[in-house]
Engineer: 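Let me give you the structure first, and then I'll get to my questions.
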Amino acid sequence: MRLRNRWLPIIIFALAGCGNETELPQAPTLFIDREALTFNREFNHGTYVGQTTYNSLSIQNRGLDPLDITAITLAGPRVFTLQVPEGFTPGTPLRLETYERAFLTVAFLPTDDTEYDGTVTIVSNAANAGEKVITLNGLGVAP
């Protein structure tokens, strides 16, 4: 038997890869796309003193119940500044439904040619991580 549509095998192959998703837990589950935010540390480089670099973190709910983020705090030197996700205000939880995402951004503006460390802590009702700590690391270099 000869197929008359040459796209049919490709479509069948593509559909065969679908549907292999695992079942989601009932409880809200915090998923972040990385455990640390580093600023221009690739190839052991850094950020020029007086220049700003940015790094973002994706936060997602991988559970069926809503995820409520109640606090996002930054600890570290003033060279790091935190931009919280849109819709989040202290005292009012940010609610994420299943597979919904939010992004937080950290800016790094070194004032001296030295290494800086800090943390961002996310507090939520997640069953897997009620309090999640993300490390921050940046290196200031003289221009």
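As the structure is a prediction and not an experimental result, all values here were calculated from the model. Throughout, numbering of the chain's residues begins at 1 and tracks the sequence.
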Engineer: Could you verify whether a donor N or O on one side chain and an acceptor N or O on the other, from Glu115 and Asn137, lie under 3.5 Å apart?
Structural biologist: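 Yes.
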Engineer: Just so I know, are the side chains of Phe108 and Asn55 near enough to count as touching, which here means a heavy-atom distance under 4.5 Å?
Structural biologist: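 Not touching, per the 4.5 Å side-chain cut-off.
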Engineer: With the side chain counted from C-beta on, respond yes when Leu57 and Ile122 share a heavy-atom pair under 4.5 Å apart, and no when they do not.
Structural biologist: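 A side-chain contact exists here, since the closest heavy-atom pair is under 4.5 Å.
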Engineer: Taking the side chain as everything from C-beta on, heavy atoms only, tell me whether Asp33 gets closer than 4.5 Å to Ile59.
Structural biologist: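 Not in contact.
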Engineer: Could you state the interatomic distance from CG (Leu94) to CG (Asp68), rounded to the nearest 0.5 Å?
Structural biologist: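 One gets 8.5 Å once the value is rounded to the nearest 0.5 Å.
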Engineer: Return yes if some donor-acceptor pair links the side-chain N/O of Thr52 with the main-chain N/O of Leu109 below 3.5 Å, else return no.
Structural biologist: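 No.
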Engineer: Do the side chains of Ser56 and Leu37 get nearer than 4.5 Å, heavy atoms only?
Structural biologist: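 Heavy-atom side-chain distance check fails, nothing below 4.5 Å.
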Engineer: For the atom pair CZ (Arg62) and CZ (Arg101), what is the distance rounded to the nearest 0.5 Å?
Structural biologist: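 That separation rounds to 6.5 Å.
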Engineer: Under the criterion side-chain contact (heavy atoms from CB on, under 4.5 Å), I'd like the reasoning laid out for Thr119 against Ile134: C-alpha separation, chi angles, the key distance, then a yes or no.
Structural biologist: CA-CA 6 Å; Thr119 59; Ile134 294 98; over 6 Å; no
Engineer: Kindly say whether Pro28 contributes a backbone atom to a donor-acceptor pair with the side chain of Asp65 at under 3.5 angstrom?
Structural biologist: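 Pair absent, no side-chain N/O of Asp65 close to backbone of Pro28.
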Engineer: Give me the atom names and distance for the closest heavy-atom approach of Pro110 to Val79.
Structural biologist: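 Closest approach of Pro110 to Val79: CA-CG1, 4.0 Å.
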Engineer: Please determine whether the number of non-hydrogen atoms from other residues, nucleotides or ligands lying under 6.0 Å from atom OH of Tyr48 exceeds 12.
Structural biologist: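 Atom OH in Tyr48 is not crowded, with 12 or fewer foreign heavy atoms closer than 6.0 Å.
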Engineer: Kindly indicate, with the supporting measurements, whether the criterion side-chain contact (heavy atoms from CB on, under 4.5 Å) is fulfilled by Val49 and Asp112.
Structural biologist: CA-CA 6 Å; Val49 172; Asp112 203 1; 5.5 Å; no
Engineer: Which heavy atom of Thr29 sits nearest a heavy atom of Ala27, and at what distance?
Structural biologist: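 Scanning both residues completely, I find the closest heavy atoms to be OG1-O, 3.2 Å.
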Engineer: Passes side-chain contact (heavy atoms from CB on, under 4.5 Å), Val84 versus Leu104? Steps please.
Structural biologist: CA-CA 5 Å; Val84 296; Leu104 65 84; 5.8 Å; no
Engineer: For Glu86, does the CD atom have more than 12 heavy-atom neighbours from other residues, nucleotides or ligands under 6.0 Å away?
Structural biologist: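 Open: at most 12 neighbouring heavy atoms sit under 6.0 Å from CD of Glu86.
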Engineer: Are any of the side-chain heavy atoms of Val120 and Val106 separated by less than 4.5 Å?
Structural biologist: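 Yes, at least one pair of side-chain atoms sits under 4.5 Å.
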Engineer: Starting at CG of Leu24, measure out to CG of Leu64 and round the result to the nearest 0.5 Å.
Structural biologist: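 Going from the CG atom of Leu24 to the CG atom of Leu64 covers 5.0 Å.
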Engineer: Taking C-beta and beyond as the side chain, do Leu30 and Asn61 meet within less than 4.5 Å on heavy atoms?
Structural biologist: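 Not in contact.
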Engineer: Any side-chain heavy-atom pair from Asn125 and Thr70 closer than 4.5 angstrom?
Structural biologist: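 They are not in contact (no side-chain heavy atoms under 4.5 Å apart), so the answer is no.
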Engineer: Step by step, work out the side-chain contact (heavy atoms from CB on, under 4.5 Å) result for Leu136 and Asp117.
Structural biologist: CA-CA 5 Å; Leu136 307 175; Asp117 292 302; over 6 Å; no
Engineer: As an exercise, state the distance from OG1 of Thr38 to NE2 of His45, rounded to the nearest 0.5 Å.
Structural biologist: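 Here the interatomic distance stands at 13.5 Å.
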Engineer: Do the non-hydrogen side-chain atoms of Phe39 and Tyr116 ever get within less than 4.5 Å of each other?
Structural biologist: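 No, their side chains stay 4.5 Å or more apart.
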Engineer: Taking all heavy atoms of Tyr99 and all of Gln60, pick out the closest pair and write down the distance.
Structural biologist: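 It is O-NE2, 3.2 Å.
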Engineer: Looking only at non-hydrogen atoms, find the nearest pair between Ser58 and Phe103 and report the distance.
Structural biologist: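 Shortest heavy-atom separation between Ser58 and Phe103 comes out as CB-CE2, 3.6 Å.
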Engineer: Distance from Ser124 atom OG to Leu67 atom CG, nearest 0.5 Å?
Structural biologist: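 So the OG of Ser124 and the CG of Leu67 are separated by 5.0 Å.
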Engineer: Under a 4.0 Å N-O cut-off, is there an ion pair linking Lys132 with Glu35?
Structural biologist: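 Yes, charged N to carboxylate O under 4.0 Å.
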Engineer: Do Phe80 and Leu82 share a hydrophobic cluster (ILVMFWY, side-chain heavy atoms under 4.5 Å, transitive)?
Structural biologist: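 Per the 4.5 Å side-chain linkage, Phe80 and Leu82 are co-clustered.
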